[in-house]
Amino acid sequence: MLPSLVADMDIAVIVIRFLREGGVDVVSAREEGWSGYEDRDILREAHEMNRFVLTHDSDYGELAIHQGETTRGIIYMRAGSRESKAVIASLQNLFNAEIDWTRRQILVCEPDKPLRIRLIDN
């Protein structure tokens, strides 16, 4: 099972619906009215809510790793996987993967490539 998530503004409604139907607790940045928020703000909100961020935006990794922003974790769907069908397929793989969701980490999902996990030290 996936952890509780904050879906970034760039995550399609159909993907959020798929997650919720699968029993995942998802807060949508769009539904929350966070359109004026910067990535840093969404990352902080997610951290305060003890949630991973689900995004297509590589800036979150930069914030967490190089700028030291605190985060529970990030699930980054690389550019090639923006199509909702591909995102859902990648998320289905995460449902079945043996991942220690208690660890602070960035998961990088790309179509036709193995899942990459980078642990976060902050």
Side-chain angles (χ1 to χ4, degrees):
M1 178 58 86
L2 295 176
S4 297
L5 301 171
V6 167
D8 194 14
M9 298 294 293
D10 57 8
I11 300 299
V13 172
I14 192 169
V15 172
I16 295 169
R17 186 177 318 120
F18 162 79
L19 289 166
R20 288 177 176 157
E21 288 172 358
V24 179
D25 179 13
V26 181
V27 170
S28 164
R30 186 179 299 113
E31 291 171 0
E32 293 296 315
W34 297 347
S35 61
Y37 283 30
E38 294 183 14
D39 294 343
R40 180 181 314 276
D41 300 322
I42 292 174
L43 193 65
R44 288 177 181 165
E45 290 283 347
H47 178 70
E48 288 176 17
M49 299 168 80
N50 197 32
R51 295 171 180 267
F52 275 65
V53 173
L54 175 64
T55 187
H56 293 292
D57 188 345
S58 63
D59 291 349
Y60 285 92
E62 169 73 22
L63 289 167
I65 293 170
H66 299 293
Q67 295 185 26
E69 287 291 328
T70 303
T71 181
R72 169 136 184 254
I74 300 164
I75 300 174
Y76 170 48
M77 311 303 280
R78 296 271 320 230
S81 62
R82 281 186 178 259
E83 185 179 316
S84 295
K85 184 177 173 182
V87 171
I88 289 171
S90 291
L91 290 170
Q92 284 174 321
N93 290 335
L94 288 181
F95 271 107
N96 300 323
E98 302 231 358
I99 298 170
D100 180 357
W101 293 108
T102 64
R103 301 187 78 177
R104 297 160 49 79
Q105 58 199 313
I106 299 173
L107 293 90
V108 180
C109 302
E110 295 181 80
D112 304 319
K113 292 191 178 179
L115 176 67
R116 291 184 308 160
I117 299 175
R118 179 170 182 176
L119 298 180
I120 302 171
D121 295 328
N122 64 9

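For clarity, every value in this text was computed on a predicted model and none was experimentally measured.
- The closest side-chain heavy-atom distance from Val6 to Trp34 is below 4.5 Å.
- In this structure, CZ on Arg78 lies 7.5 Å from OG on Ser58, to the nearest 0.5 angstrom.
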Quiz item: Would Ile99 and Gln105 count as a side chain to side chain contact (heavy atoms under 4.5 Å, CB included) if you check the C-alpha gap in whole Å, the side-chain angles of each, and the deciding distance to 0.1 Å?
Solution: CA-CA 10 Å; Ile99 298 170; Gln105 58 199 313; 3.9 Å; yes

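- Residue pairs meeting the salt bridge (Lys or Arg N to Asp or Glu O under 4.0 Å) criterion with at least one member in residues 23-32, sequence neighbours excluded, are Arg20-Glu31, Asp25-Arg51.
- If you take OG on Ser84 and CD1 on Ile16, they are separated by 10.0 Å, rounding to the nearest 0.5 Å.
- Counting non-hydrogen atoms of neighbouring residues, nucleotides and ligands closer than 6.0 angstrom, the CD1 atom of Ile14 reaches no more than 12 such neighbours.
- Considering only heavy atoms from C-beta on, Tyr60 stays 4.5 Å or farther from Glu69 through its side chain.
- Partner of Ile106 under the side-chain contact (heavy atoms from CB on, under 4.5 Å) criterion, out of Ile117, Ile65, Leu119: Ile65 alone.
- Checking side-chain atoms of Glu45 against main-chain N and O of Ala29 turns up no donor-acceptor pair under 3.5 Å.
- Atom CD of Glu48 and atom CG of Leu43 lie 10.5 Å apart (nearest 0.5 Å).
- Under the 4.5 Å side-chain criterion, counting only non-hydrogen atoms from C-beta, Asn93 is not in contact with Leu115.
- With a 4.5 Å cut-off on side-chain heavy atoms, Asn50 and Ser4 do not count as touching.
- By the neighbour-count criterion of 12 heavy atoms within 6.0 Å, atom CG of Asp112 is sparsely surrounded, having that number or fewer from other residues, nucleotides or ligands.
- Annotation: side chain of Val26 is not in contact with side chain of Phe18 (no heavy-atom distance under 4.5 Å).
- Within 6.0 Å of CZ in Arg40 there are more than 12 heavy atoms belonging to other residues, nucleotides or ligands.
- Taking each heavy atom of Ile74 and Gly61 in turn, the nearest pair found is CD1-N, 4.0 Å.
- For Cys109 against Leu94, the heavy-atom pair with the smallest separation is SG-CD1, 4.0 Å.
- Listed here is the closest heavy atom pair of Leu54 and Ile11: O-CG1, 3.4 Å.
- For the pair His56 and Met77, the tightest heavy-atom approach, listed with the atom from each and the gap, is ND1-O, 3.2 Å.
- In this structure, the separation between CD1 on Ile75 and CZ on Phe52 is 6.5 Å, given to the nearest 0.5 Å.
- Rounded to the nearest 0.5 angstrom, Leu63 CG and Asp41 CG are separated by 10.0 Å.
- The number of heavy atoms from other shown groups lying within 6.0 Å of CD (Gln92) is above 12.
- Taking every heavy atom of both residues into account, Gly22 and Phe95 meet most closely at O-CE2, 4.0 Å.
- Nearest heavy atoms, Val24 versus Met1: CG2-SD, 3.9 Å.
- No side-chain donor-acceptor contact under 3.5 Å links Asp8 to the backbone of Asp10.
- Between the OH atom of Tyr76 and the CZ atom of Arg116 there is a distance of 9.0 Å, given to the nearest 0.5 Å.
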Quiz prompt | From CA spacing to verdict: side chain to side chain contact (heavy atoms under 4.5 Å, CB included), Met9, Asp57 | solution = CA-CA 10 Å; Met9 298 294 293; Asp57 188 345; over 6 Å; no

